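No experiment lies behind these values; they were computed from the predicted model shown.
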Amino acid sequence: MTTTKPLHTFHIPVMGLAYTIDSPIRVAQYGISSVISIADDELIEKMNTFYHQKFDIPYQEITQKMHDYRAERITSYLNLVDKIVKDKFENFKIELAESKLALESYIAMLPNKSEIKKGLQNLMEDGIAFKENIKSYLENNLSSGDIDVNIMTKLDKDNFIKDEQLPVAFNDAHAALRGFANSTLESSVVLSAGMNPRLYSYFENFPVFFPDANNNLKKKITLKVSDFRSAMIQGNFLAKKGLWVSEYRIESGLNCGGHAFATDGFLLGPILEEFKQKKDQLIQSAHDLMVKALGQKELHIPETQLDLKITVQGGVGTAEEHDFLLDQYNVDSVGWGSPFLLVPEATSVDKATRKLLMNAKENDLYLSHISPLGIPFNTLRGTTNEMFKQKRIQDSKAGSSCPKKFLALNKDADGNAICTASKKYQDSKLQELEDKKDTVTAENYAKTKDSITEKSCLCVGLANASYLENDIKIKGQAQGVVICPGPNMAYFDQEVSLAKMVQHIYGNASVLRVTDRPNLFVKELKMYMDYFKNEIKEAASEITSPQIKKLQAFKNNMLDGISYYENLFSDAHYFENGVKEIKKQLDNYKMELTKIEIPKLELA
């Protein structure tokens, strides 16, 4: 694994199934790290074929008839991406050495505080022996961006050949992990959506995840987490198996794209503060457990603690916010997701969906219940998926044909796996509702019907954008495109170049045309306020003692978070131009929250 320090202080997180499926091919040569979802082996196989043809490389299709085809497809595609990125990176270094214009453009994309930027600028001024010096400097200092992969740990359904259940190793997430482990990549697997003990234990089967004789990890583990407690529990679980977590990727519970895993009222600022204060504790605890486990396994034990990165993502939109997170919380990198959906050079989005994103306002971006996982899901009004879904409901044909079954995590009456977005499931539930129509109110009937039919086929909808962008034929029932931007998308309203977006991140240009974008902490606070009020509304009719306790804790955690922000922003050198407005908004939310009453138990 390269020891060269990353060139950039931002990364592009995973987005959907398709939106970052080939981002490394697009941006890694510039030193920008990004994340590929490896959940959908069918999409991966199509992209594998597409890029083999594009780069004129012979390719033999991996069909479903082959043994272990899921893992084989993933390994093959990741190996191809690795090869393309390495080739593009070598060619890019040659271009920089031979073209001062290309070099100047590249220097403009680097962080202002970067030592490499200063070094390149000095070489530009030298003039004498420029070409030889620049070649040597580029070779010693430049590195390509990481080609990381994402596995959503919950997407780990059992698989079958006819009626025979395959061993656990052939479950979706297990096969994806094996596909990554067997690839040539030297990068990280980002695990999201919480802990899967069975999957975590499967890592022990692959020596590449253990430190080698030089204390290097050929492949690393990154955990996406929403709070410190979760990080400590998961990190120690893996450490007890001799496995090291190299990065904790903290994501806002609500101010993010895709599935939203709300905390119990814990806000991003206080969460980051806890990681900052307790990072050494996190390292020491995991190190001690890992050393003991490695000793028991008779594997190499590192003499010193391994590196641990803390990164953050969710709702960042300005250079000021970017620098603030780096400086205040000592994080290693900041994730920029949704804004890159408007950068064609970086992400895979079809033209119609990108136009919809450009025109999206705050009210168009909402937390929905369309995910079959039953987890709130950030999405956008007016998508083609919504249009096709509503047409089927109107025609009394609700539900998807469910061709991929990645989210078939429920069981039908016969014990078979079924997805709540499927026609089979919805037909069954709608019939049950119809059978008791006379016993429920019209309002409850309509509400229940909507809750059954609102589920969308994410497996197809989140993959279609790549097919449309690359003119790859889409088979089967029309599902359109599902897009899952974070609420931050509302403030970005134009298609921009990669160079311009990177310059925006570093404060050397601006792509924002709105003047009333809220601070990222204030925006998240508002979202938690709305979420809290909705939770109270949902619980009000039949509230229980545990619910009352949970809601009170939620409220107290939010009040503690507001107090933290009040202290933080009393130091006026943060967000100097907007600090008065931030303080005013904090006061208003504090007043509003204090007045919210939690329902009491009805006495019989």
Side-chain angles (χ1 to χ4, degrees), residues 6-37 47 50-51 54-55 80-96 99 101-111 142-148 257 313 316-317 319 322 333-358 465-472 481 483 485 488-489 492-513:
L7 298 175
H8 290 283
T9 56
F10 77 92
H11 60 271
I12 301 175
V14 68
M15 287 187 276
L17 295 173
Y19 302 110
T20 54
I21 190 73
D22 58 356
S23 289
I25 292 174
R26 300 168 185 242
V27 303
Q29 70 264 33
Y30 307 116
I32 299 170
S33 297
S34 57
V35 188
I36 296 172
S37 168
M47 295 306 292
F50 173 80
Y51 273 107
K54 184 172 182 177
F55 288 92
L80 177 68
V81 174
D82 191 29
K83 180 186 185 311
I84 292 170
V85 166
K86 282 173 179 168
D87 289 347
K88 289 183 86 170
F89 181 55
E90 290 305 315
N91 290 334
F92 184 58
K93 284 187 289 186
I94 293 168
E95 184 187 1
L96 292 180
S99 167
L101 184 62
L103 188 58
E104 283 170 355
S105 299
Y106 180 63
I107 289 170
M109 283 176 68
L110 293 173
L142 253 58
S143 60
S144 55
D146 289 332
I147 307 165
D148 293 330
Q313 58 198 42
V316 184
H322 180 85
S333 180
V334 176
W336 285 67
S338 300
F340 273 100
L341 292 171
L342 296 182
V343 182
E345 293 164 82
T347 55
S348 182
V349 185
D350 61 288
K351 288 179 181 177
T353 303
R354 191 168 273 133
K355 188 176 179 183
L356 194 65
L357 289 168
M358 282 189 273
S466 274
Y467 296 153
L468 291 168
E469 187 199 30
N470 297 307
D471 292 324
I472 297 171
V481 172
I483 189 90
N488 198 30
M489 191 78 252
F492 293 83
D493 62 358
Q494 57 183 318
E495 191 175 290
V496 294
S497 68
L498 178 64
K500 186 85 180 281
M501 182 59 78
V502 173
Q503 287 169 348
H504 171 82
I505 291 170
Y506 295 136
N508 300 323
S510 178
V511 303
L512 286 177
R513 295 191 285 203

Requested in this report: Please test L498 against M109 for side-chain contact (heavy atoms from CB on, under 4.5 Å), starting from the C-alpha separation and ending with a verdict.
Outcome: CA-CA 9 Å; L498 178 64; M109 283 176 68; 4.2 Å; yes
**Report entry** Steps toward side chain to side chain donor-acceptor pair (under 3.5 Å) verdict (S33, H8)
**Finding:** CA-CA 8 Å; S33 297; H8 290 283; over 6 Å; no
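In this structure, T20 contributes its side chain and M15 its backbone to a donor-acceptor pair below 3.5 Å. With hydrogens and angles disregarded, no donor-acceptor distance shorter than 3.5 Å links the side chain of S99 to the backbone of E95. D146 places no side-chain N or O within 3.5 Å of a backbone atom of S34 that could act as its donor or acceptor partner. Put simply, the side chain of D22 never gets that close to the backbone of I25: no donor and acceptor are under 3.5 Å apart. A side-chain donor-acceptor contact under 3.5 Å links T347 to the backbone of F340.
The CG atom of L341 sits 11.5 Å away from atom CG of L356, with the distance rounded to the nearest 0.5 Å. Separation of atoms CD (Q494) and NZ (K500) is listed at 6.0 Å; rounding is to 0.5 Å. Atom CD in E495 sits 11.5 Å away from atom NZ in K355 (nearest 0.5 Å). The CD1 atom of I36 sits 9.0 Å away from atom CG of D148, with the distance rounded to the nearest 0.5 Å. Here S510 contributes atom OG and I505 contributes atom CD1; the two are 12.0 Å apart, rounded to the nearest 0.5 Å. Rounded to the nearest 0.5 angstrom, H11 NE2 and S23 OG are separated by 12.5 Å.
Annotation: side-chain hydrogen bond (donor to acceptor under 3.5 Å, both in side chains) contacts of S348 (sequence neighbours excluded): S466, E469. Residues forming a salt bridge (charged side-chain N to carboxylate O under 4.0 Å, His left out) with E90 (at least two apart in sequence, or on another chain): K93.
The residues K86 and D82 are annotated as salt-bridged, a charged nitrogen and a carboxylate oxygen being separated by less than 4.0 angstrom.
Contact annotation: the side chain of Y51 never approaches that of V81 to less than 4.5 Å [non-hydrogen atoms, C-beta and beyond].
Centroid-to-centroid, the aromatic rings of H504 and W336 come within less than 6.0 Å. Taking the centre of each ring, Y30 and F92 come in below the 6.0 Å mark.
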